[in-house]
Amino acid sequence: MIASTSTEITGKIHSLESCGTVDGPGIRFVVFTQGCPLRCLYCHNPDCRHLEDGKEVTVDDIITEVQKYRSYMEFSGGGVTVTGGEPLMQPQFVAEIFKRCQELGIHTTLDTSGYVLIDAAKPVLEYTDLVLLDIKSYKPDLYRKVTSVTIEPTLKFAQHLQEIKKPTWVRFVLVPNLTDPVENIKGLAEFITTLDNVEQVEVLPFHQMGIYKWEQLGYEYQLKDATPPSPELIAKTIHIFQSYGLKVQC
Ligand code: SF4
């Protein structure tokens, strides 16, 4: 994974998307990294779990692809987003991608669960313009149920982002009968009000589009009977966040 010169740094990716529109501002070149320590019940990329399953590429390979789409990024106010999987499982790789992008004047966005040691994330954050922080629930027991891991590292990471004044969007996936308890949403909203670096909250309605991957991989998909949230539930959730003075996108 680590080689002798910066241009030879390699990492494991799942895939690349040339013109993404949902992972940060404008039109974005999106790098999906391989490997994730979480096991979110609604994950639509369960094939990203294991680092060793990824395709090995160099930072140069990524930057060569990125350059082909610069004009789209420039006219739309977009840039490069690294998501996953969990990008911070490969901090040296992601830091080098972002460093090279910033040298080219390209905006960089990191999409992360924040389930990471802060010291490992620091070299990446140095070259990150915007963080999309996925906080998958606020109540600790519910967070664990949704992700299989504890919430504390994510909350600490959120507080670190505030300390370094890193522009951040918080993302929350709304799943009926799972993440939608009012107290869960209010707790998250109240926590976000303590972070003055958070520019907006994105409410992402649950969908089952990744279910076929779970079936192909032979994993048990526990949300088979879950439905997308109704317009009323979405409106109610947005209203809760707004009632705490937060800007909300959906
Ligand atoms: S953090 Fe993202 S990639 Fe990892 S399990 Fe959760 S939804 Fe899937």
Side-chain angles (χ1 to χ4, degrees), residues 11-17 20 22-24 28 30-55 81-91 93-94 97 109-118 120-121 124-125 128 130-158 161 168-180 184 188 201-224 226 228-229 250:
K12 292 282 184 99
I13 64 163
H14 172 274
S15 56
L16 301 172
E17 184 183 347
V22 295
D23 293 307
R28 309 199 67 85
V30 184
V31 180
F32 292 86
T33 59
Q34 186 74 19
C36 185
L38 277 65
R39 296 290 177 263
C40 301
L41 295 177
Y42 50 68
C43 181
H44 54 262
N45 293 322
D47 47 346
C48 279
R49 278 185 189 180
H50 304 296
L51 189 63
E52 60 274 16
D53 291 342
K55 177 184 170 204
T81 295
V82 180
T83 181
E86 173 50 68
L88 293 176
M89 280 185 74
Q90 303 181 72
F93 177 56
V94 180
I97 292 171
T109 293
L110 172 72
D111 180 20
T112 176
S113 67
Y115 187 76
V116 65
L117 293 175
I118 289 169
V124 181
L125 294 173
T128 302
L130 173 69
V131 174
L132 307 180
L133 179 61
D134 301 297
I135 306 185
K136 293 153 189 298
S137 263
Y138 187 70
K139 289 172 77 78
D141 52 340
L142 193 48
Y143 188 93
R144 182 181 273 285
K145 182 176 176 187
V146 172
T147 65
S148 295
V149 300
T150 59
I151 192 170
E152 283 76 16
T154 296
L155 299 184
K156 282 191 187 140
F157 186 76
L161 294 176
T168 297
W169 296 359
V170 170
R171 311 219 283 185
F172 171 71
V173 178
L174 179 62
V175 189
N177 302 316
L178 184 66
T179 65
D180 63 345
N184 189 45
L188 180 56
V201 177
E202 289 190 313
V203 174
L204 309 176
F206 164 76
H207 59 70
Q208 285 198 341
M209 285 187 311
I211 189 170
Y212 73 95
K213 292 187 187 174
W214 287 71
E215 286 164 355
Q216 280 173 359
L217 291 162
Y219 298 155
E220 187 195 353
Y221 188 69
Q222 294 180 36
L223 300 183
K224 261 192 225 83
C250 186

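In each ligand, atom 1 is the first atom listed, and ligand 1 is the first ligand listed.
Not a single donor-acceptor pair under 3.5 Å links the side chain of T81 to the backbone N or O of R28. With hydrogens and angles ignored, the 3.5 Å screen pairs a side-chain donor or acceptor of W214 with a backbone N or O of C43.
To the nearest 0.5 Å, atom CG of residue L223 and atom CD1 of residue I211 are 8.5 Å apart.
For residues 40-54, the pairs satisfying side chain to side chain donor-acceptor pair (under 3.5 Å) are H14-D47, N45-K213, with sequence neighbours left out.
Put simply, the residue from T150, T154, T179 that forms a side chain to side chain donor-acceptor pair (under 3.5 Å) with Y143 is T154.
L117 CG: 12 or fewer foreign heavy atoms inside a 6.0 Å radius.
Atom 2 (Fe) of ligand 1 has its closest protein heavy atom at K136 NZ, 4.1 Å.
Listed by chain and residue number, the protein N/O/S atoms under 2.8 Å of atom 8 (Fe) of ligand 1 are C43 SG, with waters left out.
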